[in-house]
Protein chains: 2
Amino acid sequence: MLESNPSPGPEPDRAGPEKPRLERQRILQAGVDFIEQHGARQLTMRRLGSALGVEAMSLYRYVPSRESLLDGIVETVIDELYGDPEVYVEPRHGWQDYLLRLAHGLRRLALKHPQVFPLVATRPTEAPWVRPPLRSLRWVESFLAALTSSGFSDRAAVATYRAFSSFLLGHLLLEVAALGADVGPVEEADPHPPASADLDGYPLLQQLQDLLSEDRSAQEFEESLENLMDRLEALAP
Amino acid sequence: MLESNPSPGPEPDRAGPEKPRLERQRILQAGVDFIEQHGARQLTMRRLGSALGVEAMSLYRYVPSRESLLDGIVETVIDELYGDPEVYVEPRHGWQDYLLRLAHGLRRLALKHPQVFPLVATRPTEAPWVRPPLRSLRWVESFLAALTSSGFSDRAAVATYRAFSSFLLGHLLLEVAALGADVGPVEEADPHPPASADLDGYPLLQQLQDLLSEDRSAQEFEESLENLMDRLEALAP
DNA sequence: ACCTGAACACCGTTCAAGT
DNA sequence: ACCTGAACACCGTTCAAGT
């Protein structure tokens, strides 16, 4: 689907400060930066061009359309996962360790790219069973390999994959949304500023507002992840 | 935030086939229908106008901008929850029953509006602690009231609210995405059709493709919901 | 080989003008 | 009171033309 993936073998060309695909990668990186600064809604071929010191039309030599530019931006961000030394493509200390590292790596990615993450979560995927946020064939293969090689049945591995992606998607999308990131398309100078809502008529909301506003996302992530792991133990061999 | 909510008291003016706010509501309903048919990306002031037999400029008498039109469309859809006879605003048979009914009602809503649901999931909310998919002050108030009136502490009620929304968001967003709905912005005639991906080099994906493509969303929803309920029992009084 | 100017068909939005 | 025509500043995208 992504025309940027000519060699789909499981061995990644690791993302990093090298510069292969010289121009395309520069454009995609500029796209990531632009979105992180101004939000996805602001990203325009013309504006990205001018951020690169070039006319919009030049981008079409490297990217067939704005849509595929966004796909490439998403891909660029998830490819960072390969650069995370804490995340293993091959399990080293069992499947629990593998899953915990992967979950934390994806959370770091989401928090590093709060404006891009909603795109990671919501762009159409390569195949219907590629479930965000783990949206790459390579990672899905890695995931399933880690589980089946630990003795999970095929069914159990797939069930684990689904439970894991649901959990991560819900948590991370809500966490970046709470970061003040506009989730999904983003406005710059917001026409309807998120002024603290009018709570007249909602006594409980008034009473619980402080509790509701507390940021417990890190703890909740850990607790829910632990709970998920407990649940998954039941599927383990 | 939504200019369509002049009386924010907890008593809803129930959604239904009546026609209060005559014109605005007609526009929003047309917007819902349009998105469900063509996807949110296709929704244009001009096109929606012509679907209503009117010029785009006329819409601005009822809706201040395209952004707020989208907000209104999302609101229209979640307001349908009030019309669901299986969902109670006030708990009648305890908090477990309340939560189960609410969860199933939201799932029905997502499946009824697979193209709108990604907007429900990703549009900026009225306040940072309003967490999709339960994106209305009225419902958050209802939720917290149901729990505290069942004896939950304030903290436990808030923790439950958070766990519940994460769970629903992850599950439902992935479920509508799998429905073939493009999640988030949508393309009509897709330039990169979701042709079945090239699985060369991914032996496990090939081997598990049938399992991966099986639709088990209903069962998984029930199982995960049950697990969540078990977890929440620990917070109950 | 790479970039651009001009052009096309479309946007959202404003506002004076029509009825 | 409600709708519209014309206009403005912007889009994505194509393509022949420049260097």
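Because only heavy atoms are used, hydrogens play no part in the values below, and waters and symmetry mates are left out as well, while side chains stay in.
- Contact check, B:T44 against C:dG12: a side-chain N or O comes under 4.0 Å of OP1 or OP2.
- One can place CG of B:L48 at 14 Å from C1' of C:dC11, the figure rounded to the nearest angstrom.
- Between the C1' atom of C:dG12 and the CD atom of B:E55 lies a distance of 14 Å, rounded to the nearest Å.
- Nucleotide D:dA9 holds its C1' atom 15 Å from the CD atom of A:Q42, rounded to whole Å.
- Residue pairs meeting the ring pair (Phe, Tyr, Trp, His ring centres under 6.0 Å) criterion with at least one partner in residues 119-144 of chain A, sequence neighbours excluded, are A:Y82-A:W139, A:F143-A:Y161, A:F143-A:F164.
- Residue contacts for A:S58: at a heavy-atom cut-off of 4.0 Å it reaches a base atom on one of the strands shown.
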Dot-bracket summary - DNA chain C, pairs being Watson-Crick or G-U whose distances fall under 3.5 Å, with | when paired to another strand: ||.|||||...|||||.||
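- Taking the six-membered ring for Trp and the full ring otherwise, A:F117 and A:H113 have centroids separated by 6.0 Å or more.
- Regarding B:R41, its CZ atom lies at a distance of 17 Å from the P atom of C:dC10, rounded to whole Å.
- Atom CZ in B:R24 sits roughly 15 Å away from atom P in D:dC2 (whole-Å rounding).
- Within the structure, every side-chain polar atom (N or O) of A:Y62 is placed at least 4.0 Å from both OP1 and OP2 of C:dA1.
- With values rounded to the nearest 0.5 angstrom, A:Y202 atom OH is found 6.5 Å from B:S136 atom OG.
- Just one of A:L168, A:L173, A:L172, A:T125 meets the side chain to side chain contact (heavy atoms under 4.5 Å, CB included) condition when paired with A:P132; it is A:T125.
- The salt bridge (charged side-chain N to carboxylate O under 4.0 Å, His left out) analysis of residues 105-114 of chain A, with sequence neighbours excluded, yields the pairs A:E80-A:K112, A:D84-A:R108, A:R107-A:E175.
- Straight-line distance from the CG atom of A:L43 to the P atom of D:dC10: 17 Å, rounded to whole Å.
- B:R162 pairs by the salt bridge (charged side-chain N to carboxylate O under 4.0 Å, His left out) definition with A:E220, not counting sequence neighbours.
- With respect to the salt-bridge test (charged N to carboxylate O, under 4.0 angstrom), the residues A:R138 and A:E141 do not qualify.
- The shortest distance between side-chain heavy atoms of A:S213 and A:Q209 falls below 4.5 Å.
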Quick one: which protein N/O atoms are closer than 3.5 Å to N/O atoms of nucleotides 13-16 of chain D? Pair and distance per line, please.
from	atom 1	to	atom 2	distance (Å)
D:dT13	OP2	A:Y60	OH	2.8
D:dT13	OP2	A:R66	N	2.8
D:dT13	O5'	A:Y60	OH	3.4

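- Nucleotide C:dC2 holds its P atom 16 Å from the CG atom of A:L52, rounded to whole Å.
- Residues satisfying the side-chain contact (heavy atoms from CB on, under 4.5 Å) test with A:Y88, not counting sequence neighbours, are A:R92, A:H93, A:D97, A:R101.
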